[in-house]
2 protein chains.
Amino acid sequence: MPCQGEGGITWRHRRGSITAIISPLPNVKVLMERSHPVTIVDVAERAGVSPGTVSNVLTGKRPVAESTRQRVQRAVEELGYQPNLLARSLVNRSSNTLGVVAYGLEYYGPSRTLVGIERQAAELGYSLLLDLLHRPDDQDVDAVLAELTARRVDGIIWAVHEVGDNHAWIDETRLHSLPPMIFLTMEQRPGAAIVATDNRAGARLATQHLIDAGRRTVGILTGPTSWWEVRERLAGWRNALEAAGLEASPALIAEADWTAAAGEAALKALLVRRPDIDAIFACNDQMALGALHCCLAAGRRVPHDIAIVGFDNTPESAFFWPALTTVRQHLAELGRLAVNELHRQIEAQQQGATLTPARHLLHPELIVRASSGGAG
Amino acid sequence: MPCQGEGGITWRHRRGSITAIISPLPNVKVLMERSHPVTIVDVAERAGVSPGTVSNVLTGKRPVAESTRQRVQRAVEELGYQPNLLARSLVNRSSNTLGVVAYGLEYYGPSRTLVGIERQAAELGYSLLLDLLHRPDDQDVDAVLAELTARRVDGIIWAVHEVGDNHAWIDETRLHSLPPMIFLTMEQRPGAAIVATDNRAGARLATQHLIDAGRRTVGILTGPTSWWEVRERLAGWRNALEAAGLEASPALIAEADWTAAAGEAALKALLVRRPDIDAIFACNDQMALGALHCCLAAGRRVPHDIAIVGFDNTPESAFFWPALTTVRQHLAELGRLAVNELHRQIEAQQQGATLTPARHLLHPELIVRASSGGAG
DNA sequence: CAATTTTCTTAAAACGTTTTAATCATAGTG
DNA sequence: CACTATGATTAAAACGTTTTAAGAAAATTG
C-alpha cells in the first residue's frame with residue numbers, strides 16, 4: 001500500500017534520478033542536472049500522488065481535492081514539467097493538429113489565406129502541420145496525404161488551386177480513408193466541404209463596373225485556363241458582357257501566366273489584334289500591372305484610352321500609376337472560415353455524427369481607383 | 001510456441017476484428033469494414049510473424065529473411081497499413097519534425113523564406129509545425145515555445161524579425177531547455193546559430209551604386225528603426241557615404257513603416273526639408289514604390305531629378321514606372337540553409353556532440369534597372 | 001452507529017510503436 | 001558428431017500519457 005503524506009514516495013525511480021538540491025531556505029528548491037526530460041511520473045512522485053491524479057489535475061477532466069491539486073501544481077512548477085503531447089495524442093487518438101496542404105505560398109493570395117488559417121487554428125487550439133506542393137498539377141499527392149494521416153492529423157485543409165485534373169487526385173473513395181477534409185477554391189463535388197471566393201461574382205463586378213463607365217469593348221487578361229479560378233472569372237466576364245448585349249468573343253481573350261511580364265506581352269499582342277479595345281479586366285493585380293506598363297509603353301493613356309481593372313487588391317495596387325481599380329477577396333477570412341468549418345466536421349465525427357459537407361462562398365468587393373476612371 | 005506457416009495466427013485479436021473476404025480468385029483479397037485503424041499487430045498476424053519482425057522490415061534497421069520480408073510487405077499492402085508516427089516518435093524520442101516560428105507571412109520576404117524552409121525540410125524528411133506571431137514585438141512567446149517542445153520537435157527555426165527587445169525573449173538559459181534552434185535575421189550572440197542576409201552589405205551596394213552614378217545627396221527611406229534589419233541597412237548606407245566623403249546626417253533619414261503609403265508620405269516630408277536630395281535608397285520595394293509615386297506627384301522626374309533604389313527585388317519591381325533598381329536577397333536559399341544548419345545541429349546532438357553554432361551571412365546582389373538611371 | 005452514498009485515489013490496462021535480450025534454428029568447424 | 005558461430009525471430013519491456021474499474025476515505029443518512 002502506497003504511503004502518503006510527508007512526501008513519501010512509492011513510485012519507482014527509473015533511469016537517471018532527479019538530483020534536487022534543497023537549499024537552506026525553506027520552500028526554495030533548485031533542480032540541477034536532470035539527465036532525462038521530466039515526466040508525469042516524476043511529478044507524481046514529488047507530489048506524493050499517482051500519475052493518474054496528476055493527469056486529472058492537468059486535464060481537469062475529473063474532480064480532485066483542492067489540497068492535492070495545489071500539491072500537484074507546485075510539483076509541476078518546481079520540476080518545470082511539460083506534458084508530452086505525442087504520448088497524449090497516442091492514447092487520445094487525436095493530435096489536435098490540422099494538416100495544411102498548400103501551393104504558391106510565395107504569392108499574395110495563398111500566404112494571406114494561410115495567415116487566416118493559422119490564426120483561427122491557434123484560437124481553437126490546433127497546431128498546424130504544413131505541406132507545400134511545388135507545382136499545382138504534378139506531384140505525388142499520395143505521399144503528402146500518407147504523411148499527414150501517419151501523423152494522425154485531426155483534419156486536412158486542401159489549399160491547392162484546382163488546376164488541370166488535379167481534383168481527381170482525391171476521389172470519393174480516397175476521401176473515405178482520410179480524416180475530415182476541407183477544400184479551398186475547388187469545384188464543388190459530393191462528399192467534400194468547400195470554402196471559396198465567388199470568383200464568378202468578382203469578375204462580374206469588375207466587368208459590370210467597366211460597362212457602367214461606358215466601355216464597350218472589354219478585353220480580358222486571364223491566367224492559364226487550366227485553373228478553375230480562371231474559368232470562373234472568364235465566365236463572370238462573359239456573363240456581364242452578354243447581359244449587357246456586348247461582345248464576349250474569344251478574340252477578346254488573352255491568356256498569360258499570372259506574371260506582370262506575361263501580362264504585358266499578352267496585352268501587347270491582344271491590342272494588335274483588336275486595337276478597338278477600350279477596357280481590360282485582368283485576372284490578377286500583377287498582370288494588371290503588366291497591362292499598365294504595356295499601355296504606357298504603347299502610348300495609350302489609362303484610363304482615358306483604356307480602363308483597367310485588376311483582381312486581388314494587393315497592397316501595392318493602390319500605388320500603381322495610375323492607382324488600380326481592383327477586386328478584393330477576403331483571403332484571411334477564407335482561411336478562418338475553412339478552419340471553423342473543418343472544426344465542426346471534426347467535432348461531429350468524434351461524436352459519431354456526420355455533417356453534410358457545407359459550401360461557403362465568400363463575396364468579393366470592388367475597390368474603385370483611378371485606373372478605371374471611376375475615382376473621378 | 002507460436003505456430004508458423006500456413007498463416008497460423010498466434011497474436012490475439014483485440015477490439016473489432018478484421019473481416020476479410022477471400023474472393024474465389026486466388027491471391028485476391030478484399031478487405032471490408034475495418035472498425036479500427038490497422039496496426040502493426042494486424043500486419044504481424046496476417047503475415048504470421050511477430051510485431052517486432054514487421055518493425056524490422058519497415059525500418060530496415062535489422063536483417064530479415066527475404067521470404068518473410070515479402071510476406072510482410074504483402075500483408076502491409078493488403079491491409080493498407082500506415083504506421084502511426086506518433087507512437088514511433090514516442091519511443092524514438094524524436095518526431096522528425098521542425099518547428100517554425102515566423103512573423104509577417106503575408107509579406108514577400110518571410111513567405112519566400114518559408115518556401116525554402118519547407119522544401120529543404122521535406123528533402124531531409126522533416127515535417128513542419130508552423131506557428132505565427134501576430135506582432136513581432138509583443139506576444140507570449142513562452143506559449144508557442146512550450147507548445148513546440150511539448151510536441152517534441154527536433155529543432156526550431158526562429159524566423160521572427162528582431163524588433164525592439166524581442167531578442168531578449170530567448171536568453172541563453174532558456175535556450176538551454178530547448179531543442180536545437182536557429183535564428184533567421186537576428187543579431188549574433190553566443191550560443192545561437194544564425195543564418196541571415198548581410199543587410200549592411202546590401203545597403204552599401206545600393207548606396208555605392210547611387211554614388212557611382214554621380215549622386216551627391218543620398219537620402220534613405222527606412223522602416224521602423226526598432227528593427228535590426230533597418231539599423232543594419234542604415235549602417236550600410238552611412239558606411240558607403242562616409243567612405244565617399246559625403247553627407248550621412250540624420251537630416252537625410254526618413255522613417256516609415258514598410259508600406260508604400262507611409263513611404264510616399266515620409267519622402268514628401270523629407271523633400272520639403274531637403275529639396276536638394278538627388279537620390280533615395282528605400283529599405284524595401286514597397287516604400288520605393290511609394291517614393292516613385294511621390295516623385296511623380298511632385299513633378300520630380302525619376303531618375304533624372306531623383307534616382308531611386310529599393311530592396312528585395314519583388315517580382316513587381318521590374319514593372320514599376322520606371323522599373324526599379326533594387327537589391328536582391330536569396331530568400332529561399334536562406335530558408336534552405338537554415339534547415340541544413342539546424343539538421344547538422346540535431347544530428348550532432350543526437351550523437352552526444354555539440355557543434356559550435358555556425359553563422360552564415362548571405363550576400364545580396366544589386367539588380368540595376370531604370371529608376372537609378374543605371375540601365376542606360 | 002451501521003448502512004449507504006459521495007468524493008477522491010489508485011492500480012493496471014490501454015495507445016502503437018521500437019528495442020533489448022533471449023531463443024531457436026541452421027550452418028560451419030575441427 | 002559435439003561445438004561453436006551466425007542469423008533470423010520473438011517475448012517482453014520500454015516510451016509517456018489517459019482511462020477504466022475498483023477501492024478507500026469521508027460524508028450523509030436512517
Side-chain angles (χ1 to χ4, degrees), chain A residues 1-5 8-12 14-16 36-45 47-72 76 79 81-96 149-152, chain B residues 1-5 8 10-12 14-15 36-45 47-72 76 79 81-96 149-152:
Chain A
M1 173 210 274
C3 58
Q4 303 199 3
I9 288 179
T10 54
W11 314 108
R12 73 196 179 292
R14 304 143 320 140
R15 271 183 317 177
H36 74 277
V38 16
T39 78
I40 204 173
V41 179
D42 300 321
V43 175
E45 281 179 2
V49 298
S50 77
T53 300
V54 177
S55 174
N56 290 338
V57 170
L58 262 36
T59 63
K61 285 187 186 165
R62 275 167 353 152
V64 52
E66 185 54 29
S67 66
T68 59
R69 137 164 294 120
Q70 287 180 2
R71 221 157 5 116
V72 169
V76 164
L79 294 177
Y81 168 72
Q82 287 203 319
N84 184 329
L85 289 193
L86 297 174
R88 183 179 286 182
S89 300
L90 182 58
V91 46
N92 279 345
R93 285 194 174 70
S94 156
S95 60
N96 269 285
T149 56
R151 291 201 186 269
R152 299 298 190 263
Chain B
M1 172 213 273
C3 59
Q4 302 197 4
T10 54
W11 314 107
R12 73 196 178 291
R14 306 143 318 139
R15 272 182 316 176
H36 73 276
V38 16
T39 79
I40 205 174
V41 179
D42 300 322
V43 175
E45 281 178 1
V49 299
S50 78
T53 299
V54 176
S55 174
N56 290 338
V57 169
L58 262 35
T59 63
K61 284 188 188 167
R62 278 170 348 153
V64 51
E66 185 54 27
S67 64
T68 58
R69 139 165 294 122
Q70 287 181 2
R71 223 158 0 118
V72 169
V76 164
L79 294 176
Y81 167 71
Q82 288 203 320
N84 184 329
L85 288 193
L86 296 176
R88 181 179 289 181
S89 301
L90 181 57
V91 45
N92 280 346
R93 286 193 174 71
S94 156
S95 60
N96 268 285
T149 56
R151 291 199 187 271
R152 298 298 189 265

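Naming convention: chains lettered A, B, ... in sequence-line order (proteins, then strands); numbering from 1 in each chain.
- A donor-acceptor pair is defined here as one N or O able to donate and one able to accept, closer than 3.5 Å; such a pair exists between the side chain of B/N84 and the backbone of B/L86.
- Residues from residues 83-90 of chain B placing a heavy atom under 4.0 Å of any atom in DNA chain D, listed by number, are B/L90.
- If you take CD of B/Q70 and P of D/dT9, they are 12 Å apart, rounded to a whole angstrom.
- Listed for the A/R71 side chain is a donor-acceptor partner under 3.5 Å among the backbone atoms of A/A47.
- Of the candidate nucleotides D/dT18, D/dT10, C/dT18, C/dT18 has the atom lying nearest to any side-chain atom of B/N92.
- Closest to the A/T39 side chain, of the nucleotides D/dT18, D/dG16, D/dT9, is D/dG16.
- Contact between B/L90 and A/A87 at its shortest, heavy atoms only, is CD1-CB, 3.8 Å.
- Contacts between residues 53-65 of chain A and DNA chain D, defined by a heavy-atom separation under 4.0 Å, are made by A/S55, A/T59, A/K61, A/R62.
- Under the 4.5 Å side-chain criterion, counting only non-hydrogen atoms from C-beta, B/L85 is not in contact with B/N96.
- Across D/dC15, C/dT19, D/dT17, the shortest atom-to-atom separation from the side chain of A/V91 is found for D/dT17.
- Paired with B/Y81 under the rule side chain to side chain contact (heavy atoms under 4.5 Å, CB included), one option of B/I40, B/V72, B/D42 passes, and it is B/I40.
- As judged by a 4.0 angstrom heavy-atom cut-off over every strand, B/E66 is placed among residues making no nucleic acid contact.
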